[in-house]
Amino acid sequence: MPELPEIANRTREINNLLVGKQISTIDILQPKCLNMDPQVFQKSLVNATILGARYKGKWIFVETSQGWLLLNMGMGGEMILTTPDNLPEKHRLIFHFSDQTCLAVNFWWFGYAHSVAVNELDQHEMSAKLGPNALDLSLLEFQELLGNRKGALKSFLLNQSNIAGIGNAYIHDILFFAKLHPLRSIPSLSNEEISNLYHGIQKGLRMSLDKGGAFYELNLHGQKGGFLMEDLVIAYREDQPCPECGTPIIKIKTGSNSSFICPNCQPLI
DNA sequence: TATCTTGTTAATCG
DNA sequence: ACGATTAACAAGAT
C-alpha cells in the first residue's frame, strides 16, 4: 500500500477491525523485514493487545499494549484479515490472534515490520525523520516548507523527510494538476505555482483516499481499492492525448525514476 | 535474457 | 552541508 491514500485506508481498517484482538503467535517467514532477531520480535509482541493505529506518510503505527508495531508496505503488498485455514498463497508474516483469526502480511518486494518499545518511538530513525503528512499541511505551512529549498521539485516531494506520503504513482497526476514539470527548480516557482501545487497534492491524494485507495492494492478484506486506472489522468498513459490540450503524453526519465507528463501543459522553464 | 517498478537507505561525487 | 546520482535490497511481470 505504497502511498498515503492506501496507508490511510489500511490504518482506518485496522482501527475498525483489529482493535481489541490479542496476538497469540507470530509466524515469520521473512526475518529480514524485521528490525531485530525473530525470537526477540515474537517475544516483544506475543500476548499484546492491539489498541489502535495511526499513520505518518507510508508508515503505519500500530499501538499495542506492549509497544509499537511499525509497518511499511514498501513497493506494495497486502494485509489480509483471515483465518489460518484460509491463508492467501503468498505471505511473509502471520499475526495469529486469540480469537482464531489472523492477519497475513505479504510484501510484493521490500517491506518492513518493526517492533519498537513504548517509549522509544523517537529512536526509530526511519519514521522519526518523516516530514508532515501531505494532507495535514496548510497552504501557508507548505509555502514555508518550500521556503529556502533548492533543487528539483519532484525529488523534493518524494523525499519523505520533507513531506510524507507522496510516492511515484500519484505524483504524475499531482504535477499535471499543478501544470508543473517534475524537474522545475523550487526557487523558480511563483507563489501561484506553489498554490497550484498545494491544491494538486490535495486533489491527487484525496480522490483515491475517498475511494479506498488504488485498484492494485487490497484492503483487509482482500478487496481492491476503488480508485481505478481510468481515474488516473495522465499517469501511465504514454502516447494518449492530454485531456487538456490533446498533446500526446510522454514518459521521461527523472533521475532514477520515470515521469509521465504532458510536454505542452508542463513545460520545463 | 533484460528491463521495469507503488520504497528506502547508504555511498559517492561535486 | 546539501543536492544529484547510483547501487543495493526479500520479487514478479512483461
Side-chain angles (χ1 to χ4, degrees), chain A residues 1-10 27-35 38 41 55-60 70-79 88-94 104-114 124-131 134 145-175 182-188 201 204-205 207-209 211-219 224-225 227-229 231-238 251-260:
Chain A
M1 349 244 120
E3 306 184 39
L4 192 145
E6 290 80 35
I7 299 299
N9 275 287
R10 293 307 89 79
D27 295 340
I28 300 168
L29 292 82
Q30 189 187 57
K32 287 192 175 182
C33 69
L34 308 178
N35 60 333
F41 183 85
Y55 72 94
K56 195 169 182 187
K58 299 165 189 173
W59 286 86
I60 299 176
L70 272 51
L71 296 169
N72 182 306
M73 302 303 289
M75 298 269 280
E78 305 87 34
M79 290 187 284
E89 286 195 16
K90 302 264 182 179
H91 50 265
R92 319 269 189 176
L93 294 173
I94 304 174
V105 179
N106 182 44
F107 305 120
W108 298 349
W109 197 359
F110 311 122
Y112 305 103
H114 289 180
H124 184 256
E125 294 189 5
M126 291 177 81
S127 63
K129 60 184 174 190
L130 293 172
L145 201 60
L146 288 170
N148 299 321
R149 307 305 297 262
K150 300 182 182 298
L153 182 52
K154 179 170 179 177
S155 59
F156 176 88
L157 294 174
L158 291 182
N159 184 337
Q160 303 297 300
S161 62
N162 295 325
I163 179 170
I166 302 172
N168 201 42
Y170 291 103
I171 197 166
H172 309 295
D173 283 359
I174 288 172
L175 290 172
L183 298 180
R184 279 287 299 276
S185 81
I186 293 174
S188 77
I201 292 170
L205 296 180
M207 283 203 308
S208 179
L209 180 72
K211 292 187 174 196
F215 64 91
Y216 50 76
E217 298 283 359
L218 305 179
N219 64 20
K224 293 180 179 185
F227 185 76
L228 306 176
M229 191 71 200
D231 293 318
L232 293 168
V233 181
I234 69 161
Y236 309 104
R237 294 189 180 278
E238 190 175 13
K251 180 181 182 179
I252 61 171
K253 277 283 173 194
T254 43
S256 59
N257 58 39
S258 299
S259 296
F260 293 87

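Just so we're on the same page: letters track the sequence lines, and every chain starts at 1.
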Side chains of [X] and [Y], heavy atoms from C-beta outward: is any pair under 4.5 Å?
X	Y	result
Ile94(A)	His91(A)	yes
His172(A)	Tyr236(A)	yes
Ser127(A)	Leu70(A)	yes

Whole angstroms only, please: what is the [atom1]-[atom2] distance between [X] and [N]?
X	N	atom1	atom2	result
Arg92(A)	dC9(C)	CZ	P	16 Å
Ile166(A)	dT8(B)	CD1	C1'	16 Å
Trp108(A)	dC9(C)	CH2	C1'	18 Å
Met75(A)	dA13(C)	CE	C1'	12 Å
Met229(A)	dT5(B)	CE	P	13 Å
Lys154(A)	dG3(C)	NZ	C1'	17 Å
Ile171(A)	dT5(B)	CD1	P	14 Å
Lys253(A)	dA4(C)	NZ	C1'	15 Å

At 4.0 Å (heavy atoms only), tell me whether [X] reaches a base, stays on the sugar-phosphate, or touches nothing.
X	answer
Tyr236(A)	sugar-phosphate
Tyr216(A)	base
Ala214(A)	nothing
Asn72(A)	sugar-phosphate
Lys129(A)	sugar-phosphate

Spacing of CD1 belonging to Ile174(A) relative to CG belonging to Leu205(A), to within rounding of 0.5 Å: 4.5 Å
CD1 on Ile171(A) to OG on Ser259(A), rounded to 0.5 Å: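 Interatomic distance, Ser259(A) OG to Ile171(A) CD1, rounded to 0.5 Å: 7.0 Å.
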Integer angstrom distance from the C1' of dG3(C) to that of dT6(B):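 Taking atom C1' in both dG3(C) and dT6(B), they lie 24 Å apart.
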Gap in Å between the two P atoms, one belonging to dT8(B) and one to dA1(C), rounded: 24 Å
[X] vs [N]: side-chain N/O to OP1/OP2 distance below 4.0 Å:
X	N	result
Ser256(A)	dA7(C)	no
Lys58(A)	dT6(B)	no
Asn168(A)	dT5(B)	no
Lys90(A)	dG12(C)	yes
Arg149(A)	dG3(C)	yes
Ser155(A)	dG3(C)	no
Lys251(A)	dT5(B)	yes

Base of dC9(C) and ring of Trp109(A) stacked, centres under 5.5 Å, planes under 30°: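 By the stated criterion, Trp109(A) and dC9(C) do not stack.
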Parallel, tilted or perpendicular: ring planes of His114(A) versus Trp59(A), cut at 30 and 60 degrees: tilted
Along DNA chain B (nearest heavy atom to each residue), the more 5'-positioned of Ser127(A) and Ser258(A):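 Its nucleotide being nearer the 5' end, the pick is Ser258(A).
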Under 3.5 Å side-chain donor-acceptor pair for Lys154(A) and Asn168(A): yes
Donor on one side chain, acceptor on other, Tyr216(A) and Glu6(A), under 3.5 Å: no
Selected nucleotide, minimal atom distance to Met126(A) side chain, candidates dG3(C), dG7(B), dT8(B):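 Taking heavy atoms from C-beta onward, the closest nucleotide is dT8(B).
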Aromatic centroids of Phe215(A) and Phe227(A) separated by under 6.0 Å: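 Here the rings of Phe215(A) and Phe227(A) have centres that are no less than 6.0 Å from each other.
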Identified stems (criterion: three or more consecutive Watson-Crick or G-U pairs, under 3.5 Å), DNA chain B: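 Stems found: B:2-5 with C:11-14, B:7-14 with C:2-9.
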